Amino acid sequence: MNSYQTEFHTTTQTFFPSLEENLDYIKNALFHSGDFETRTITFNDKKHLIVFIASLVDKKKMDEFVIRPLHENKSGEIPEVINVTQVNYTTDLTKVVRGLIEGQCAIIGEGQDHAYLGNVFAIHFRNISEPTNEYVIRGSHEGFIESLQTNIYLLRKRIENPNLYLKYITLGKATNSKLALMYMKDLADPELVKTIEERLNYIDTDAIQTPGYIEEFIEDYPLSPFPQVLNTERPDRATANLMEGRIVLLMEGSPTAIILPVTFFSFYQSPDDYNSRWIVGTFLRAIRLFSFLIAIGLPAVYIALVSFNFEVIPIELVFSVKNSLEFIPFPPLLEAFIMQLTLELLKEASVRLPSPISQTIGIVGGLVIGTAVVQANLISNVMLIVVAITGIASFVVPSNEMTTTVRILGFPLMIMAALFGFVGIVFGLMILLIHMCKIEPFGHPYFAPFAPFHMNDLKDTIFRLPRWMMNTRPMDPKPQHYQQVWPSRGWKKDEK
């Protein structure tokens with residue numbers, strides 16, 4: 001089966017002797033598109049054509065910087081007369097067609113074997129605003145938007161350093177999606193950069209529409225439930241990871257940046273940790289990590305308690321639990337499945353509906369249905385509390401990908417608990433732990449700094465020590481320079 005490929009990606013075409021033939025070729029290549037337009041001018045005493053696609057170009061730029069200067073000057077070198085930021089010379093008509101669909105205008109002279117392409121692309125993007133998925137209490141309220149150039153600007157504004165390297169990559173035969181690969185030349189591991197570039201070059205597909213497409217093509221463990229790259233809409237978070245020697249991938253049309261490589265603990269870090277006092281940051285991070293255990297294990301622990309190990313429950317609670325289960329017709333596993341699936345239904349419904357209606361769904365689902373199923377003795381009130389705490393714990397994670405993962409991981413643990421009690425839970429958790437210790441996305445350990453163990457890196461994982469004590473970068477991305485903070489509190493000696 002042949003893959004999708006237009007002739008303009010594989011062939012070249014020299015210019016024809018007459019303007020009409022060149023114009024016919026371009027029109028045919030664009031299938032006589034309705035928004036294709038031309039202007040005719042006389043320049044250097046020769047007839048010239050200005051061709052462009054009206055829906056892609058900025059008409060104000062066209063009039064002020066291309067057409068008017070050519071009309072007023074009448075002669076000269078075209079690149080010096082027109083006032084656009086970028087002018088390209090080409091002797092290939094297929095490149096003219098590609099330039100037109102990228103939002104450029106082409107200037108072709110009578111009897112000439114070349115054309116000039118000027119960048120007059122129209123920019124229609126929303127303003128920079130705070131990301132709705134990654135709110136912070138303190139810190140920057142800027143977020144990435146759908147413009148690649150704006151997103152690069154947001155990073156360069158934060159890192160005014162010539163070592164911030166940028167490489168453009170185009171993927172997708174039909175979509176020609178533009179990507180920006182960014183990293184610190186003097187920090188990122190050269191082997192990692194080489195690996196990422198090779199994997200990106202291997203991508204051979206018709207369309208790349210979102211960063212999620214790229215993620216699935218380049219990740220090492222597609223069957224693993226754990227996310228292996230970090231998605232963020234925050235420039236400050238991307239900047240912090242660049243300065244640790246990691247790589248950032250941006251894509252035209254997407255407000256999400258991909259950060260790689262990352263560890264399991266990267267998903268539990270938030271910019272707020274560094275904007276508050278270190279004790280507060282450590283406490284909040286510990287709460288988030290504890291929420292991982294609650295989200296995947298609490299329903300399973302409850303099932304094991306009421307099904308196998310009833311004697312473990314304190315005597316003060318035995319009668320309450322027993323009374324709540326007395327008239328329930330379902331086993332605890334089925335109860336938990338029903339409530340967890342209902343929670344997923346409510347979440348999906350809330351996300352897909354407009355904001356005013358989604359709030360109503362939350363009230364109806366959370367209060368009305370919750371109360372009704374308990375009063376009808378379909379679900380025990382203890383199970384309702386367990387599922388509610390589990391849902392809250394899963395939403396504590398500052399990464400949407402990890403939030404979904406921990407909710408899914410809870411289901412096999414519930415089955416293990418229903419079959420083998422606490423033994424099944426321990427066995428399931430051991431499998432998860434072994435899996436996290438074993439995988440090495442992009443050749444870098446996922447469960448660092450615990451596997452392999454690096455005591456020095458603990459200062460920014462479970463804990464968040466004061467900034468002046470975090471004097472080295474994490475070892476997992478293998479940065480070229482480990483030192484990142486030098487003695488900065490020498491003023492204490494001076495003031496004595």
Side-chain angles (χ1 to χ4, degrees), residues 35 52-62 84-86 98-105 119-136 139-159 164-183 196 200 203 205-218 227 229-242 246-260 271 351-355 358 398-401:
D35 52 358
F52 56 93
I53 297 177
S55 56
L56 293 178
V57 303
D58 185 331
K59 290 188 176 178
K60 190 176 178 184
K61 281 186 192 174
M62 278 290 300
V84 295
T85 54
Q86 185 179 1
R98 287 206 294 272
L100 294 179
I101 59 178
E102 289 173 359
Q104 301 181 66
C105 69
N119 190 4
V120 285
F121 187 76
I123 299 174
H124 301 291
F125 294 112
R126 63 185 170 92
N127 295 326
I128 296 172
S129 58
E130 185 168 13
T132 53
N133 296 325
E134 295 177 87
Y135 279 117
V136 294
S140 170
H141 294 283
E142 287 182 336
F144 288 131
I145 61 169
E146 288 74 10
S147 165
L148 181 61
Q149 293 303 319
T150 305
N151 295 342
I152 293 170
Y153 157 77
L154 289 171
L155 292 181
R156 284 207 179 274
K157 188 177 73 169
R158 284 169 169 76
I159 306 176
L164 179 58
Y165 181 76
L166 165 66
K167 181 177 182 180
Y168 287 114
I169 299 170
T170 303
L171 295 176
K173 294 173 185 172
T175 55
N176 286 318
S177 305
K178 187 182 279 187
L179 273 73
L181 177 73
M182 299 185 75
Y183 56 91
I196 301 302
L200 289 172
I203 296 177
T205 180
D206 288 351
I208 295 288
Q209 296 186 23
T210 66
Y213 284 46
I214 303 164
E215 185 180 330
E216 293 194 17
F217 280 121
I218 65 174
V229 300
L230 178 65
N231 289 277
T232 183
E233 296 182 24
R234 299 194 59 84
D236 52 354
R237 200 175 188 186
T239 302
N241 282 279
L242 280 170
R246 304 184 202 277
I247 292 176
V248 170
L249 268 174
L250 297 166
M251 181 179 169
E252 181 70 63
S254 171
T256 303
I258 291 179
I259 296 170
L260 68 168
V351 171
R352 307 300 160 208
L353 287 170
S355 302
S358 66
S399 163
N400 187 49
E401 288 75 25

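What you are looking at is a predicted structure, and each value in this text was computed from that prediction instead of being measured. Every heavy atom of this structure was used, including side-chain atoms; hydrogens, water molecules and symmetry mates were not.
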**Q** Run the side chain to side chain contact (heavy atoms under 4.5 Å, CB included) test on T85 and F121 for me, step by step, so that the C-alpha distance in whole Å, both residues' side-chain angles and the decisive distance to 0.1 Å come before the verdict.
**A** CA-CA 11 Å; T85 54; F121 187 76; over 6 Å; no

**Q** For the residue pair L154 and P235, what are the closest heavy atoms and their distance?
**A**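 In terms of heavy atoms, the two residues are closest at CD1-CG, 3.9 Å.
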
**Q** Do you know which two heavy atoms are closest between D236 and S140, and how far apart they sit?
**A** OD2-CB, 4.1 Å

**Q** If you apply the rule side chain to side chain contact (heavy atoms under 4.5 Å, CB included), what do you find for L260 with L230, and how did you get there?
**A** CA-CA 7 Å; L260 68 168; L230 178 65; over 6 Å; no

**Q** Looking at side-chain heavy atoms only, is the closest gap between I247 and L181 below 4.5 Å?
**A** yes

**Q** Can you check side chain to side chain contact (heavy atoms under 4.5 Å, CB included) on I203 and I218, steps first, answer last?
**A** CA-CA 8 Å; I203 296 177; I218 65 174; 4.1 Å; yes

**Q** How many angstroms lie between atom CD of E233 and atom CG of N133, to the nearest 0.5 angstrom?
**A** 5.0 Å

**Q** Indicate the atoms forming the closest heavy-atom contact of G103 with V57, along with that distance.
**A** O-CG1, 3.7 Å

**Q** Out of curiosity, L164 CG to I159 CD1, how far, rounded to the nearest 0.5 Å?
**A**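 Going from CG on L164 over to CD1 on I159, the span is 5.0 Å.
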
**Q** Hey, are the side chains of K61 and V84 touching, using non-hydrogen atoms and a 4.5 Å cut-off?
**A** no

**Q** Ignoring hydrogens and angles, tell me if any N or O in the side chain of N151 forms a donor-acceptor pair with the backbone of I145 under 3.5 Å.
**A**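 Judged by distance alone, yes, a pair lies under 3.5 Å.
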
**Q** L171 versus T205: any side-chain heavy-atom pair under 4.5 Å?
**A** no

**Q** For the pair R158 (side chain) and A238 (backbone), establish whether a donor and an acceptor sit closer than 3.5 Å, ignoring hydrogens and angles.
**A** no

**Q** Could you tell me whether the side chain of L155 reaches within less than 4.5 Å of the side chain of F144, counting heavy atoms only?
**A**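 A side-chain contact under 4.5 Å exists here.
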
**Q** When rounded to the nearest 0.5 angstrom, what is the spacing between SG in C105 and CG in L100?
**A** 8.5 Å

**Q** What's the verdict on side chain to side chain contact (heavy atoms under 4.5 Å, CB included) for E215 and N231, showing C-alpha distance, side-chain angles and the deciding distance?
**A** CA-CA 10 Å; E215 185 180 330; N231 289 277; 3.4 Å; yes

**Q** Report yes if some heavy atom in the side chain of T170 is under 4.5 Å from a heavy atom in the side chain of L179; otherwise report no.
**A**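 Sidechains of L179 and T170: no contact.
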
**Q** For the backbone of E134 and the side chain of R234, can you confirm whether one donor and one acceptor N or O come within less than 3.5 Å of each other?
**A**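 Judged by distance alone, yes, a pair lies under 3.5 Å.
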
**Q** Supply the atom-to-atom distance Y153 OH to I128 CD1, rounded to the nearest 0.5 angstrom.
**A** 6.5 Å

**Q** Does any part of the side chain of L249, heavy atoms only, come nearer than 4.5 Å to the side chain of L200, both counted from C-beta?
**A** yes

**Q** Treating S177 as the side-chain partner and I208 as the backbone partner, does any N or O pair qualify as donor plus acceptor under 3.5 Å?
**A** yes

**Q** Which distance, rounded to the nearest 0.5 Å, do you find between the CD1 of I53 and the CD of E102?
**A**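 It comes to 10.5 Å.
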
**Q** Without swapping roles, check the side chain of K59 against the backbone of A54 for a donor-acceptor pair under 3.5 Å.
**A**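 No, the answer is negative, given that no donor and acceptor are paired below the 3.5 Å cut-off.
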
**Q** Assess the side chains of E401 and S399: does a donor N or O sit below 3.5 Å from an acceptor N or O?
**A**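 Checked: E401/S399 side chains pair up, N/O donor to acceptor below 3.5 Å.
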
**Q** Restricting to non-hydrogen atoms, name the atom on P211 and the atom on I258 that form the minimum distance, rounded to 0.1 Å.
**A**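 Looking at all heavy atoms of both residues, the shortest contact is O-CD1, 3.3 Å.
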
**Q** Do you know which two heavy atoms are closest between P255 and E146, and how far apart they sit?
**A** CG-OE2, 3.8 Å

**Q** Is it true that E142 and K157 have a side-chain N and a carboxylate O under 4.0 angstrom from each other?
**A** yes

**Q** Can you name the nearest heavy-atom pair linking M182 to L242, along with the distance?
**A**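 That closest heavy-atom pairing would be O-CD2, 3.5 Å.
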
**Q** Tell me whether the count of non-hydrogen atoms from other residues, nucleotides or ligands lying under 6.0 Å of OH in Y168 goes above 12.
**A** yes

**Q** Kindly indicate whether the side chain of L166, heavy atoms from C-beta on, has any atom under 4.5 Å from the side chain of R156.
**A** yes

**Q** Between E130 and Y135, is any pair of side-chain heavy atoms under 4.5 Å apart?
**A** yes

